[in-house]
Amino acid sequence: QNITQTSSFSFSATPVSTASPSPTVPLDTPVVGQGEYPPLQYLCDDGGNATYCPTELLQDVQLSRIFPDSKTFVDKPTNGSLNDTLSAYAALPANVTVGDIETFVEQHFTGEGQDLYQVPIEGFNSSPALLDNISDPLYKAWTSIVNGYWTLLIRETNQSSICTDQCDSSLIPLNHTVVVPGGRYREIYYWDSRWIIEGLLKSELYDYAWDLLQNMMDFIDTYGYIPNGGRQYYLNRSQPPMFIQMLDAYIKVTGNTTILDRALPLASAEMEWWATNRTFTITSPFTNKTLTVAHYAVNNTAPRPEGYVEDFETVMGASPALNETARGELYSELATGAESGWDYSSRWCKQPLLNTSDNDPALRTLNIKAIIPVDLISLLSGDHALLADLYELHGNSSISGNSTDSGSNGNSTTTGGGQTGNSSSSDPVSYHRQMAQAFSESVLDLCWDPAKSWFYDFNTTSMTRSNVYTPAGAWPLWQNITPSELEGNETAALDFVSGARFLLGKYSGIPTVASVLLTGLQWDFPNAWPPHLHTTIKAFETLGRLLPNATTLSNLTIPFSEVASGQLGVTEGDLQPQPASTIGNVSLEVQEAQGKPWPLALSIEFANRYMGAAFCSWYSTGGAIDGLLTQLPLSELNATGTYTAGQSGVMFEKFNSTDTDAAGGGGEYNVQVGFGWTNGVVLWLADEYGQYLPQPTCPMIPIIEVTGNGNSSTYSNGTTVSGTGPISNTTAGGNGTSSQTQTQLFAGFRIPRPE
Ligand SMILES: OC[C@H]1O[C@H](O[C@H]2O[C@H](CO)[C@@H](O)[C@H](O)[C@H]2O)[C@H](O)[C@@H](O)[C@@H]1O
């Protein structure tokens, strides 16, 4: 089974791209779905009827599939007024064809991605202090390159392209400089910004970190909360609430507390939004206590505008067909999945599926609103705790917690009062401490499973803990929520990390795989995401503080039989294998971790895997470093399936935990490059763990040579290249089944090394 997912990548290393319609069916084909449109959504109920609102126009354009990516059309501004555009659309014949839509879009819309433009970085520091912390010369040089990648991601709103009456655009114009994730993500994103700011601070780009926080505060000021991203079509939902974490990180690094004058009331207002719209109480089945909890929950009964085709297919393709109420409910679940940031994952399914690569069956069983996510309530606990600290730091507890209108977006889903929204303005310190405590108590009561020694989501339908093991279970420790069993108890703490130790030995890539279930969804196996690498290491650091005398271990990796019983939620036989071909010469443990107390040793191992994945995938996509690292020859670059001409190394948004130099895949869009949070975590690790990182070793790139005449070779991705032949270090492989076919491993790593 091929689970390396390297064959269908598209790259947009150049940040600004505009797509032209490319129909895939004859132009006289009628557009499907006509006559049945979703109800008007409250996000468009001001009568705006904008082109990105799920109405007739949007549905017909999206279902004509003239763009391969649903996000393309909703990012295109109109080139005339909204009224003119709507009138032109209304004038189309009753039964529109793909050709009608193509002509309409070409006539009335302009290029996406031009409403923000790239600006030169001011005050760029090419030698930030973090570089001094990296011992390996290659990593040092590469990190310095990554430090420069901010220039590709920093944007300002193009004031001349802001639409008022003359045109219609989904962009939310921002007053301050923006850092985008990259690729199709050409606008600001909420939770991505948490790791982007981490990187900006390491790069000593403090003004840009300040700008980013100001944008977030403007959002709260305007809407009462921070939306998923900087587009109008994201205005029905938020993302994991990271603002206070970002604010705290900024102040810890810069010492600049003046930002608190504006930030404290707005941070309180954001917490109030979560309290009012996403928080409720339940009675614990374990202790009978009344607990304050929160969930993701989006009021929505239409396809997501930026995922229209995908949502429409998921919902309308159900068998038996869903009635209108069930359709609306599934659309709401899909939008809610996007609010979680984990769009999508088996952790949100009624019955997690195992080992399938078709997304749709899993998506049709989404049950996310009924789930209390362990990472969300841990984060809310941590947010309130930090906010109390920041109020104390500011030394003025009389600042109002409600100086802004906390917004009304009509999507209240509050199902209980709980200890929410009361005395925040009179005594914010104690109010936020009390809220921190309330959420922390819920995490420990509902999510901590002492027998399995891990934290899990809690399912309010079955009133049980989920058994899906995910890196979200490390977030309580990241946010300093610690079960008493782990305090000073090394055996229990080792049980806690037993799953992580097993995964470290089982797979050759980043061990923080989103889940161990292969479903085809992008927040599942085999994908590993930068945020989880960061938060898992933070959890190891917490363990290090809890166990100042932690021992050293001769072996960090362990067999499945030594994992705390039931922790991974599957049998060993259910796990996907590690393909031998993608391990190559990557060693599963590094010498630098040896002799260290195990929490530090684990952090080093995880750091090493992440840096290896980010570096090797960059190298295998054309990266080179003057005087240190030559670009791979074209024959090998072509063999990766991830190279396009002229490319010089890309940073992926997600990785493949079974293959050190491969990107993650699956889900509804092609893997993106850029990439904000990936770069942020590289810079963070380089600074914090750079002294322990050995020189990277990348796997060899497997190539199947089909012809034996020496004149041409056909590679594993189907590319045929003339004039290439085997190079040094070739190894005969095992899958040569005919006399003309053999597998050869080309050495994909050619760093000049001392003899
Ligand atoms: O267009 C599909 C979805 O894309 C976004 O989600 C993914 O990218 C985001 C930006 O990097 C990231 O924050 C999120 O965790 C990813 O799953 C977007 O946030 C979704 O709302 C959107 O539907």
Side-chain angles (χ1 to χ4, degrees), residues 12 15 43 52 54 62 67-75 112 153 170 172 178-197 199 226-242 246 296 298 300 302-314 331-345 347-348 359 363 366 368 373 375-376 379 470-472 514-515 521-524 527-532 534-535 651-655 663-681:
S12 44
L43 95 99
Y52 49 81
Q62 295 287 41
F67 299 109
D69 183 340
S70 292
K71 190 169 182 296
T72 304
F73 175 67
V74 287
D75 292 356
E112 71 279 8
L153 303 174
S170 61
I172 302 174
V178 169
V179 185
V180 301
R184 78 200 284 267
Y185 300 116
R186 40 178 93 85
E187 53 282 312
I188 198 168
Y189 280 78
Y190 185 9
W191 82 314
D192 296 57
S193 298
R194 165 66 185 81
W195 292 279
I196 287 175
I197 213 169
I226 300 176
N228 180 150
R231 294 267 167 194
Q232 304 277 351
Y233 52 73
Y234 287 138
L235 283 177
N236 61 1
R237 59 180 183 261
S238 188
Q239 263 194 333
M242 293 286 176
M246 295 187 232
Y296 296 108
V298 179
N300 172 65
R304 288 164 301 139
E306 79 289 2
Y308 205 102
V309 172
E310 294 75 11
D311 286 3
F312 184 88
E313 279 179 352
T314 302
Y331 285 131
S332 168
E333 287 288 334
L334 287 159
T336 302
E339 180 168 80
S340 77
W342 287 52
D343 41 333
Y344 293 97
S345 169
R347 73 183 277 218
W348 307 136
N359 289 341
L363 289 176
L366 285 178
I368 175 167
D375 41 1
L376 174 62
L379 185 60
T470 74
S515 82
L521 303 175
Q522 63 164 349
W523 290 84
D524 274 326
N527 289 349
W529 294 77
H532 293 143
H534 169 254
T535 52
M651 302 293 285
F652 290 113
E653 64 168 340
K654 57 191 176 234
F655 298 95
E668 70 188 51
Y669 59 86
N670 287 329
V671 67
Q672 300 297 298
V673 302
F675 197 87
W677 60 23
T678 307
N679 307 351
V681 173

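Order of appearance sets the numbers: ligands from 1, and atoms from 1 within every ligand.
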* Drop me the distance from D69's CG to N670's CG, to the nearest 0.5 angstrom. => 7.5 Å

* **Value rounded to 0.5 Å, distance of CG in N228 from CG in L235** => 9.5 Å

* Could you tell me whether the side chains of Y185 and E653 share a donor-acceptor contact shorter than 3.5 Å? => no

* To do: Examine the side chains of S332 and N300 and answer whether a donor and an acceptor come within less than 3.5 Å of each other.
  => no

Before signing off on this row, confirm whether [X] and ligand 1 have an N or O atom pair separated by under 3.5 Å.
| X | result |
| --- | --- |
| W529 | no |
| E653 | no |
| P181 | no |
| Y189 | no |
| Y234 | no |

Within less than 4.0 angstrom of ligand 1, does [X] place any heavy atom?
| X | answer |
| --- | --- |
| W342 | no |
| R237 | yes |
| Q239 | yes |
| E306 | yes |

* To do: Identify the protein heavy atom lying closest to atom 11 (O) of ligand 1, giving its residue, its atom name and the separation to 0.1 Å.
  => D192 OD2, 2.6 Å

* Who's the nearest protein heavy-atom neighbour of atom 6 (O) of ligand 1, and how far? -> D343 OD2, 3.2 Å

Per-atom contacts of ligand 1 with [X], taking only distances under 4.0 Å to non-hydrogen atoms:
| X | value |
| --- | --- |
| W191 | 12 (C), 13 (O), 14 (C), 15 (O) |
| F675 | 11 (O) |
| N228 | 18 (C), 19 (O), 20 (C), 21 (O) |
| W677 | 12 (C), 15 (O) |
| E668 | 1 (O), 2 (C) |
| Q522 | 17 (O) |

* Closest to atom 1 (O) of ligand 1 among K71, R184, R304, K654 (heavy-atom distance) -> R184

* **Charged N-O contact under 4.0 Å between E306 and R237** => yes

* **Row check, Y331 ring normal vs R304 NZ/CZ: under 6.0 Å, within 45°** => no

* To do: Just say parallel, tilted or perpendicular for the rings of F312 and Y308, cut-offs at 30° and 60°.
  => parallel

* Could you label the plane-to-plane angle of the W191 and W523 rings as parallel, tilted or perpendicular, counting under 30° as parallel and over 60° as perpendicular? => tilted

* How close do N679 and G674 get, heavy atom to heavy atom, and via which atoms? -> ND2-O, 3.2 Å

* Residues in side chain to side chain donor-acceptor pair (under 3.5 Å) with W342, at least two apart? -> none

* Asked: Is the distance between the ring centroids of Y189 and Y234 under 6.0 Å?
  -> yes

* Applying a 4.0 Å heavy-atom criterion (strictly less than), which segment of Y190 is in contact with ligand 1: side chain, backbone, both, or neither? -> neither

